[in-house]
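One structure is given below, encoded as structure tokens.
FYI, side chains are in, hydrogens and waters are out, and symmetry mates aren't considered; it's all heavy atoms of this structure. In listed order, ligands and their atoms are each counted from 1. FYI, the numbering just counts along the sequence from 1.
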Amino acid sequence: MNRRVLLAARPIGLPKLSDFSFSAEPILDPSDGELLITAHYLSADPLQRWRMDETSGYGKTIALGEMVWGRMVGQVVRSRNRNWQEGDFAEGMLGWQEYAVSRGDTERVSYARGLTRVDPKRAPISTSLGILGMPGVTAYFALIDICDPQPGQTVVVSAAAGTVGSLAGQIAKLRGCRVVGIAGGSAKVRYLQTDLKFDAAIDYHDTANLKEALYAACPDRIHAYFDNVGGTVSDVVMSHLADHARIAVVGRVAQLGGPRDRADPQAYIISARARMQGFIVYDYAHRADEAYGEISGWLNSGKLYFDEVVHEGIESSPQALIDVLKGNGIGKHVIWISGK
Ligand SMILES: NC(=O)c1ccc[n+]([C@@H]2O[C@H](COP(=O)([O-])OP(=O)(O)OC[C@H]3O[C@@H](n4cnc5c(N)ncnc54)[C@H](OP(=O)(O)O)[C@@H]3O)[C@@H](O)[C@H]2O)c1
């Protein structure tokens with residue numbers, strides 16, 4: 001049987017376990033041209049929460065009763081597609097389920113179900129959901145193309161201990177920047193300073209001191225802001241921009257389904273003549289291999305550090321997403337389903 005996670009109710013704010021249900025259906029046989037993939041890992045990503053809102057406007061809204069869409073990496077167990085052999089590894093937007101049937105297209109266009117071939121010799125296959133997957137491409141291009149990191153300049157990253165933020169900050173360090181991370185909790189602050197070698201790290205849960213701490217950590221103001229969160233953290237960052245600062249608006253996890261208590265960032269952007277640009281990873285699908293090449297090189301030469309939080313079994317998928325959104329644990333959250 002193929003077990004799947006379904007959306008049972010539209011979450012209000014943070015999802016609850018009761019917003020999800022499970023189904024079990026016979027495993028489908030691939031038709032001509034199709035292949036069957038058994039999941040090794042599923043991914044829990046903030047964008048899944050966004051797609052659960054009725055008017056998400058980001059990708060396709062997940063319907064009530066529909067399978068929760070999310071990324072999977074797994075192995076081909078049956079193939080009726082000449083481009084894929086049994087035993088091949090593939091990653092794609094295949095949903096929170098234990099088995100997926102795919103047409104095997106490799107085109108990675110907007111929100112599509114296209115597959116990416118995964119080389120298990122390059123790195124553990126779970127990294128194709130993290131540092132060598134969609135979050136890796138996001139960190140790389142939003143930093144390089146939009147933040148335009150220049151040696152000696154100050155780059156601030158929010159959700160800095162997260163999958164995207166931790167990689168973006170490390171790449172900014174490799175580019176010679178002064179990197180300041182904002183994260184929730186003292187364990188994450190220690191992680192950023194000790195393991196990732198950021199120049200400074202601030203615990204935003206200590207809200208009374210966020211402004212003071214940020215201004216002290218950025219005496220030359222902020223030349224580039226890699227914004228993963230929006231919300232009140234970003235309001236404080238925006239008030240300390242250097243002239244001609246660049247802002248990559250990558251995520252809005254602080255505003256996903258929660259109260260919209262923003263200040264007026266436009267006022268700060270106009271004062272600083274800053275450039276703020278939205279980012280969607282799919283615009284860079286055709287250049288993903290550039291990012292993977294650079295990131296693999298840094299990984300192999302020990303210049304990058306990453307962590308994973310591994311949940312076990314499809315039943316743990318909803319809790320994995322809740323943990324991602326709450327910031328529980330350090331590292332990319334993946335759900336182990338089968339395989340080594
Ligand atoms: N635009 C694109 O194409 C694209 C592609 C991939 C990802 N993204 C976005 O990039 C961001 C990071 O993604 P990720 O996969 O690396 O997730 P992540 O950073 O590993 O997880 C989300 C983090 O958000 C932080 N957070 C939660 N509530 C917050 C709040 N109210 N204020 C501030 N921070 C809060 C938590 O960290 P703390 O414990 O530090 O609070 C949590 O760990 C997300 O916003 C995601 O949607 C965008």
Is [X] reaching over with its side chain to a backbone N or O of [Y], donor-acceptor style, under 3.5 angstrom?
X      : Y      : result
Asp227 : Gly230 : yes
Trp84  : Gly104 : yes
Glu294 : Ala291 : no
Arg80  : Glu34  : no
His223 : Gln150 : no

Record the part of [X] in heavy-atom contact with ligand 1 below 4.0 Å; permitted values are side chain, backbone, both and neither.
X      : answer
Ile182 : neither
Asn228 : both
Val250 : both
Ala183 : both
His333 : neither

Using a plain distance cutoff, I'd like to know if [X] has any nitrogen or oxygen under 3.5 Å from a nitrogen or oxygen of ligand 1.
X      : answer
Val164 : yes
Gly251 : no
Gly184 : yes
Lys188 : yes
His205 : no

Using the six-membered ring wherever Trp is involved, compare the ring planes of Tyr284 and Phe141 and label them parallel, tilted or perpendicular (cut-offs 30° and 60°).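 The rings of Tyr284 and Phe141 lie parallel, inter-plane angle below 30°.
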Should the ring pair Tyr140 and Trp298 be called parallel, tilted or perpendicular, given that the plane angle runs from 0 to 90° and is split at 30 and 60?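 Rings of Tyr140 and Trp298: tilted, as their planes differ by 30° to 60°.
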Cut-off 3.5 Å, no hydrogens considered: what does the side-chain donor-acceptor table look like for residues 21-28, sequence neighbours left out?
from	atom 1	to	atom 2	distance (Å)
Ser23	OG	Glu25	OE2	3.0

Tightest non-hydrogen contact, residues Ile330 and Ala161, listed as CG2-O, 4.4 Å
Can you name the nearest heavy-atom pair linking Gln170 to Lys303, along with the distance?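 Heavy atoms only, the tightest pair is OE1-O, 4.1 Å.
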Spatial distance of atom CD (Glu212) from atom CD1 (Ile202) [nearest 0.5 Å]: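 The distance works out to 10.5 Å.
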I'd like to check which ligand 1 atoms, numbered from 1 as shown, lie under 4.0 Å from a non-hydrogen atom of [X].
X      : result
Met134 : 5 (C), 6 (C)
Val281 : 2 (C), 3 (O)
Arg252 : 45 (O)
Ala254 : 30 (C), 31 (N), 32 (N)
Ile280 : 3 (O)
Leu325 : 27 (C), 28 (N)
Val229 : 33 (C), 34 (N)

Report, one line per pair, each donor and acceptor closer than 3.5 Å where one atom sits in a side chain of residues 182-193; sequence neighbours left out.
from	atom 1	to	atom 2	distance (Å)
Lys188	NZ	Gly327	O	2.7
Tyr191	OH	Asp307	OD2	3.4

Using non-hydrogen atoms of the residue, decide whether Lys332 is closer than 4.0 angstrom to ligand 1.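 Not so, Lys332 does not reach ligand 1.
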Is the shortest distance from a heavy atom of Tyr204 to ligand 1 less than 4.0 Å? yes
